Amino acid sequence: MSDHPAGDKPLNFIEHMIEADIAAGRWGVWSGEQAGTRPSRVGKPRVHTRFPPEPNGYLHIGHAKSICLNFGLAQKYDGKFNLRFDDTNPAKEEQEYVDSIKADVKWLGADFEGPHGGGLFYASDLFGSMFAFAEELIRKGKAYVCELSADEVSKRRGTPQIPATSPFRDRPAEESLRLLRQMKEGKHPDGSMTLRARIDLASPNFNLRDPVLYRIVHAEHHNTGGEWCIYPMYDWAHGFEDSAEGITHSICTLEFENHRPLYDWFIRTVNEGRTPDGSGPFGATIHHSQQIEFARLNLTYTVMSKRFLLRLVQEGRVEGWDDPRMPTISGIRRRGFTPESIRNFCEEIGVTRIESVIDVGRLENACREHLNKVTPRRMSVLRPLKVVIENYPEGQVEELDCQNNPEDPGAGSRKVPFCREIFIEREDFMENPPKGFFRLAPGTEVRLRWAYFITCTSVVKDASGNIVEVRATYDPATRGGDAPLGPDGKPTKKVKATLHWVSAPHAVKARVRLFDRLFKAERPGEATGEMLDDLNAQSLEMLEDCRLEPSLGVVSPDEPRFPDGIRRFQFERLGYFCIDPKSSSASGVLTFNRTVTLKDTWAKVAAKA
RNA sequence: UGGGGAUUGGUGUAACGGUAGCACGACUGACUCUGACUCAGUUAGUCUAGGUUCGAAUCCUAGAUCCCCAGCCA
C-alpha cells in the first residue's frame with residue numbers, strides 16, 4: 001500500500017490512530033472560539049496534545065522525544081500543544097525545576113505559547129474541581145475513606161491470586177464525606193487515612209485494587225502554597241487534567257499501560273449521572289481523552305533515570321544538572337548541541353511500542369549533520385607544537401584569506417595572520433611516522449590551510465629527548481595554499497595532508513574542555529547492578545594551553561548569530577566547539593566546550609594498527 | 001506458577017494477505033585545500049514449530065525470550 005507520494009515519511013502508529021480518529025470525526029473540529037490565534041484552524045479536526053512533566057528534576061533527552069512527538073503532532077495537524085506541570089506531589093517538586101523546564105521546552109522549539117501552543121497549565125490549579133469530583137465519587141458509592149496505614153495497605157495488598165482487603169470499604173458515604181472534609185481541613189496527620197476508589201480488590205491488575213485517590217501531606221506546594229494538605233494521586237488527577245484542557249491524545253510511556261483501565265474508569269465513573277446537555281443529576285459530561293502509550297527513549301552509554309541524575313548532581317560527580325556530560329537538555333545545550341539537531345534526531349529514531357536502545361552515536365551524528373551546515377570554520381590548536389619557518393623573513397606578517405565555510409560560499413572569508421613562528425597540532429607531526437601517516441614528518445611536505453606548503457627540515461629536542469620545536473621551510477610560490485599551475489593547467493605538485501595552524505605571536509590563549517561519555521559501559525549498571533561502577537573517570541579532559549586564531553577572541557561581524565546566543569564553531573579538522581560563558585566567567589579564562597568531534601578515519605586506522 | 005505489552009539485517013524503522021523497503025553503522029572505491037563533507041557500491045533481516053491460504057512479517061495454534069505491574073511516586 002503505497003498511497004503516500006514518494007518522499008513522504010511513513011506514518012508512525014500514533015499518526016495512524018489520529019488519521020483514523022479524523023476519518024471517524026471522533027474529536028470534532030475547532031470552533032472559532034477554540035481556534036485561538038490561528039483562524040486557519042477553524043473547522044479542522046481537533047488534535048490537542050500536551051507534555052506533562054512533574055517538576056521534580058531537569059528535563060533530559062528522553063523528555064525531548066516526548067516533547068518533539070507531542071509538539072510535532074500539534075504542528076502537523078494544525079492543532080495545539082500544552083505544557084502542563086503535573087505537580088501533585090509537593091514533597092518532590094520545586095520552582096527551580098518549573099523554571100528550567102519552561103526554558104528547556106521553549107529552547108527545543110516547542111513553543112507552548114506560540115501559534116501551535118495551547119498554553120501553560122498546572123495540575124495544581126485544578127485541585128478544587130478534583131476535590132469536587134472526589135466527593136461526587138463518594139456520593140456515587142465509588143470511593144471511601146480508608147484508615148489503614150501505608151504499611152497495612154501494603155500487607156493487605158494480596159497476590160495475583162489472593163484479593164486485597166480493607167475493613168473500611170463499606171463505610172457509609174456520609175461518613176466518608178465527613179472524614180474527607182476533615183482530611184482537607186487538616187484535622188488528621190500525614191498517613192492516617194486516604195481516600196480510595198471502590199473498584200475491584202481481586203483484580204489481576206493491581207492498579208484497580210481500590211487505588212488511593214488522596215493522601216494527606218502537610219507540605220508547602222510551589223504553586224498552591226499552604227492551601228492544601230491533601231494531594232491527589234497521579235491516576236486520579238491525570239485524566240481530569242487532560243479533560244479540563246480538552247486534550248484529545250494523551251500520550252505517555254509504556255509503563256502507564258496498566259493504568260489505562262483506571263484512567264478510563266475515573267472519567268467514566270464521573271460521567272455516570274451526567275449528560276452532554278448538563279441535564280443529568282450531576283451536570284454535564286466531561287471530556288474523555290484517549291491515552292496512548294509509546295516506548296521511552298533509551299540511549300547507549302547513557303542513564304536517563306531522573307533519580308540517578310539527581311544523585312550524580314548531589315554527590316558532586318558532575319558540575320550540576322547542566323554539566324555538558326549530562327543527558328539533560330540543559331547539559332546538552334551547554335555542550336553546544338542545537339535544538340534543530342535534537343529535533344532531527346527525534347524524527348529519525350521514530351515512535352513505536354518496541355523498547356529499543358538507540359546508539360548514542362546517532363545523536364552525535366545528528367549534531368554533526370546540522371553543525372556542519374551552519375558553523376563557521378576556525379583554526380585552533382589544542383596541543384601546540386611550535387614550527388619555525390626558517391626561510392620566512394623575521395618580523396614579517398601576512399594577512400591571509402580563509403574561507404569561513406566551504407559548505408556555504410555565502411559565509412565569506414576572514415583574514416588570519418601568518419608569520420615565521422606558528423603552532424601546529426602535536427599529533428600532526430611524527431618523527432618516525434608509520435605507514436599511512438601523511439601529515440608532517442622529517443622531509444615531508446604538507447599544506448598549511450589557506451597559507452603555504454611547508455617542508456620539515458629538522459627537529460629540536462630538549463635534554464630528555466622530547467620534541468619541543470620543528471624547523472621547516474616554506475614554498476613562497478604556494479601562497480594561499482595552492483600549488484602553482486604548470487603549463488598544462490594542472491598543479492605542479494600535490495601534498496596529501498593539509499594542517500590547521502595558528503600564528504604563534506598572534507594566537508589567543510584559551511582553555512578547551514573535551515568530553516567523553518559519562519559511562520564506560522554501553523548499558524550502565526548491567527554488570528554489577530550499580531551504575532556508578534561504570535562511570536567513566538576520564539569523561540572530562542581540560543586543555544589549558546590551547547592557541548586559537550585571533551578572530552575567536554572577539555565577535556566578528558560576519559559570525560552567524562544563533563538564536564540561543566551560543567557561539568558555535570567548527571575548529572577545522574578537530575570538531576565542533578562552543579564558548580562556555582558559565583565556565584569562562586567563573587574561571588576568568590576563555591573556555592570552549594567540545595560539542596562533538598569530526599569523524600576521524602585516521603584515528604580509526606591508527607587504533608587498529 | 002496472575003494480568004498487561006513486545007519480538008523484522010549490527011542498530012533503528014516501514015510494509016496492515018500480494019516484489020521484505022528506508023535510514024544509521026560497518027566495509028570498498030571516487031572526490032577533496034578539513035583523513036571532514038559529498039557521491040557510488042557492498043554487506044546483512046521477518047524469534048521458533050506447526051497450521052490456514054494460490055500466496056503469510058502480516059491470520060490461527062503452541063512455545064521461546066524480553067519489558068511493565070503488589071508507592072499514601074509520576
Side-chain angles (χ1 to χ4, degrees), chain A residues 1-2 9-12 16 52-54 56 86-89 91-93 146 148-151 153-154 156-162 164 190-196 203-209 211-217 230-231 233-235 237-238 252-261 293 295 300 306-307 348-359 361-362 365-366 368-369 372-373 377 379 402-403 406-407 436-439 447-451 453 478 480-483 494-500 570-575 597-606:
Chain A
M1 230 184 55
S2 63
K9 271 188 218 82
L11 303 182
N12 63 44
H16 276 124
E54 182 188 16
N56 67 344
D86 201 1
D87 51 355
T88 57
N89 184 359
K92 294 184 176 180
E93 296 154 8
C146 176
L148 252 23
S149 70
D151 211 37
V153 169
S154 175
R156 289 165 169 264
R157 183 79 55 188
T159 68
Q161 288 81 13
I162 304 169
D190 287 8
S192 57
M193 53 184 74
T194 58
L195 181 69
R196 289 228 253 167
S203 174
N205 181 347
F206 276 71
N207 295 128
L208 297 174
R209 313 252 272 216
V212 171
L213 271 40
Y214 275 98
R215 75 285 214 191
I216 302 171
V217 181
I230 59 171
Y231 289 90
M233 298 289 289
Y234 166 87
D235 286 310
H238 207 83
C252 61
T253 45
L254 248 27
E255 69 269 28
F256 290 101
E257 188 158 20
N258 294 334
H259 296 242
R260 181 154 30 101
E293 311 86 20
T300 57
K306 268 198 216 177
R307 203 187 132 285
E348 276 172 20
I349 60 175
V351 180
T352 68
R353 294 173 61 91
I354 307 168
E355 292 171 70
S356 54
V357 184
I358 310 282
D359 185 341
R362 290 191 71 150
N365 278 344
R368 288 188 184 101
E369 199 185 336
N372 179 46
K373 288 187 199 132
R377 314 290 127 127
M379 292 197 284
C402 301
Q403 281 186 34
E407 303 274 320
F437 181 89
F438 44 82
R439 275 110 96 148
R447 170 171 34 237
L448 295 177
R449 190 138 162 95
W450 309 120
F453 286 16
T478 58
D482 291 308
K494 279 193 173 179
V495 288
K496 291 206 80 173
T498 299
L499 308 188
H500 60 278
Q570 185 198 96
F571 288 177
E572 295 220 46
R573 304 209 305 130
L574 296 174
T597 61
L598 253 30
K599 278 192 198 158
D600 189 348
T601 311
W602 167 244
K604 222 187 277 183
V605 172

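Quick caveat: nothing in here was measured; it's all calculated off a predicted structure. Reminder, nothing fancy here: chain letters follow the sequence lines and each chain counts from 1. Because only heavy atoms are used, hydrogens play no part in the values below, and waters and symmetry mates are left out as well, while side chains stay in.
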Could you tell me whether the side chain of A:Asn89 has a donor or acceptor atom within less than 3.5 Å of a complementary atom in the base of B:C73?
no
Are A:Glu257 and A:Arg353 within salt-bridge range, i.e. N to O under 4.0 Å?
yes
Using the P atom on both, measure B:U53 against B:C24 and round to a whole Å.
43 Å
Taking the side chain of A:Phe206 as its heavy atoms from C-beta onward, which of B:C73, B:G2, B:C24 lies nearest to it?
B:G2
Salt-bridged, A:Lys373 to A:Glu407, with N to O below 4.0 Å?
no
Can you check the A:Asp151 CG to B:A70 C1' distance for me, whole Å?
14 Å
Separation of A:Gln161 atom CD from B:C69 atom C1', in whole Å?
14 Å
A:Asp482 CG to B:U34 P: how many Å, rounded?
11 Å
According to the Watson-Crick and G-U wobble definitions, with both distances under 3.5 Å, which nucleotide is paired to B:G2?
B:C69
With rounding to whole Å, what would you report as the distance between B:G71 and B:U7 at their C1' atoms?
31 Å
Roughly how far apart, to the nearest Å, are B:G21 and B:G45 at atom P?
12 Å
Here's a test of your reading of the structure: between A:Arg573 and A:Asn205, which maps to the more 5' nucleotide of RNA chain B?
A:Asn205
Does the structure show a Watson-Crick or G-U wobble partner for B:C16, both distances under 3.5 Å? Name it, or say none.
none
Quick one: is B:A70 close enough that its OP1 or OP2 comes under 4.0 Å of any side-chain N or O from A:Thr159?
no
Looking at A:Glu293 and A:Arg260, is there a salt bridge between them, counting it only when a charged N and a carboxylate O are closer than 4.0 Å?
yes
Distance, C1' atom - from B:A20 to B:A15, rounded to whole angstrom
7 Å
Given atom CG of A:Asn207 and atom C1' of B:G3, what is their separation to the nearest angstrom?
10 Å
Is it the case that B:U34 (base atoms only) and A:Gln570 (side chain only) share a donor and an acceptor within less than 3.5 Å, ignoring hydrogens and angles?
yes
Return no unless some side-chain N or O of A:Lys599 is found under 4.0 Å from OP1 or OP2 of B:C37.
yes
Under 4.0 Å between a side-chain N/O of A:His259 and OP1 or OP2 of B:G71, yes or no?
no
Are any of A:Ser356's side-chain N or O atoms less than 4.0 Å away from OP1 or OP2 of B:U13?
yes
Could you let me know what B:G50 is paired to, Watson-Crick or G-U wobble, both distances under 3.5 Å, or none if it's on its own?
B:C60
If the cut-off is 4.0 Å, is A:Arg353 near the phosphate of B:C68, judged by side-chain N/O to OP1 or OP2?
no
For the residue pair A:Thr88 and A:Tyr234, what are the closest heavy atoms and their distance?
OG1-N, 4.5 Å
Looking only at atom P, what distance separates B:C47 and B:G9, rounded to whole Å?
7 Å
Can you tell me, in whole Å, how much space there is between the P of B:A26 and that of B:U11?
15 Å
Would you call B:G71 syn or anti, using the 90° rule around 0?
syn
Between A:Arg157 and B:C72, is there a contact of a side-chain N or O with OP1 or OP2 at under 4.0 Å?
yes
Donor-acceptor pair (no angle test) under 3.5 Å: A:Arg439 side chain, B:G35 base:
yes
Between CG on residue A:Asp87 and CD on residue A:Glu54, distance to nearest 0.5 Å
8.5 Å
Taking a pair as Watson-Crick or G-U wobble with both distances under 3.5 Å, which nucleotide is matched to B:U11?
B:A23
Sub-3.5 Å donor-acceptor pair from the side chain of A:Thr478 to the main-chain atoms of A:Gly481, do we have one?
no
Output the rounded distance in Å from CG (A:Asp600) to P (B:C37).
10 Å
Check whether any side-chain nitrogen or oxygen of A:Lys496 sits under 4.0 Å from OP1 or OP2 of B:U32, and answer yes or no.
no
At under 4.0 Å between heavy atoms, what does A:Leu148 touch on the DNA or RNA strands: base, sugar-phosphate, or nothing?
base
I need the CZ-C1' distance between A:Arg447 and B:U34, as an integer number of Å.
10 Å
A:Glu257, nearest nucleotide to its side chain (from B:G2, B:U34, B:G4):
B:G4
Roughly how far apart are A:Asn89 CG and A:Arg215 CZ, rounded to 0.5 Å?
4.5 Å
On a whole-Å scale, what distance lies between the C1' atoms belonging to B:G10 and B:G5?
25 Å
B:A70, OP1 or OP2 - any side-chain N/O from A:Ser154 closer than 4.0 Å?
no
Please measure how far the P atom in B:A40 lies from the corresponding atom in B:A23, and state the result in whole Å.
10 Å
Before giving the answer on ring-ring contact (aromatic ring centres under 6.0 Å, His included), spell out for A:Phe438 and A:Trp602 the whole-Å C-alpha distance, their side-chain angles and the decisive distance to 0.1 Å.
CA-CA 10 Å; A:Phe438 44 82; A:Trp602 167 244; 7.2 Å; no
Pairing check on B:U34: which nucleotide meets the Watson-Crick or G-U wobble criteria with it, both distances under 3.5 Å?
none
From C-beta outward on A:Met233, which listed nucleotide comes closest to its side chain: B:G71, B:U13, B:U34?
B:G71
Nearest-angstrom distance from the residue atom NE2 of A:His16 to P of B:U13:
15 Å
Considering Watson-Crick and G-U wobble pairs with both distances under 3.5 Å, what does B:G55 pair with?
none
Tell me which of A:Lys604 and A:Asp86 sits closer to the 5' end of RNA chain B, going by the nucleotide each one is nearest to.
A:Lys604
A:Asn365 has an atom CG; how far is it from atom P of B:A36, in whole Å?
13 Å
May I ask whether A:Trp602 stacks on the base of B:G35, given the cut-offs of 5.5 Å between ring centres and 30° between planes?
yes
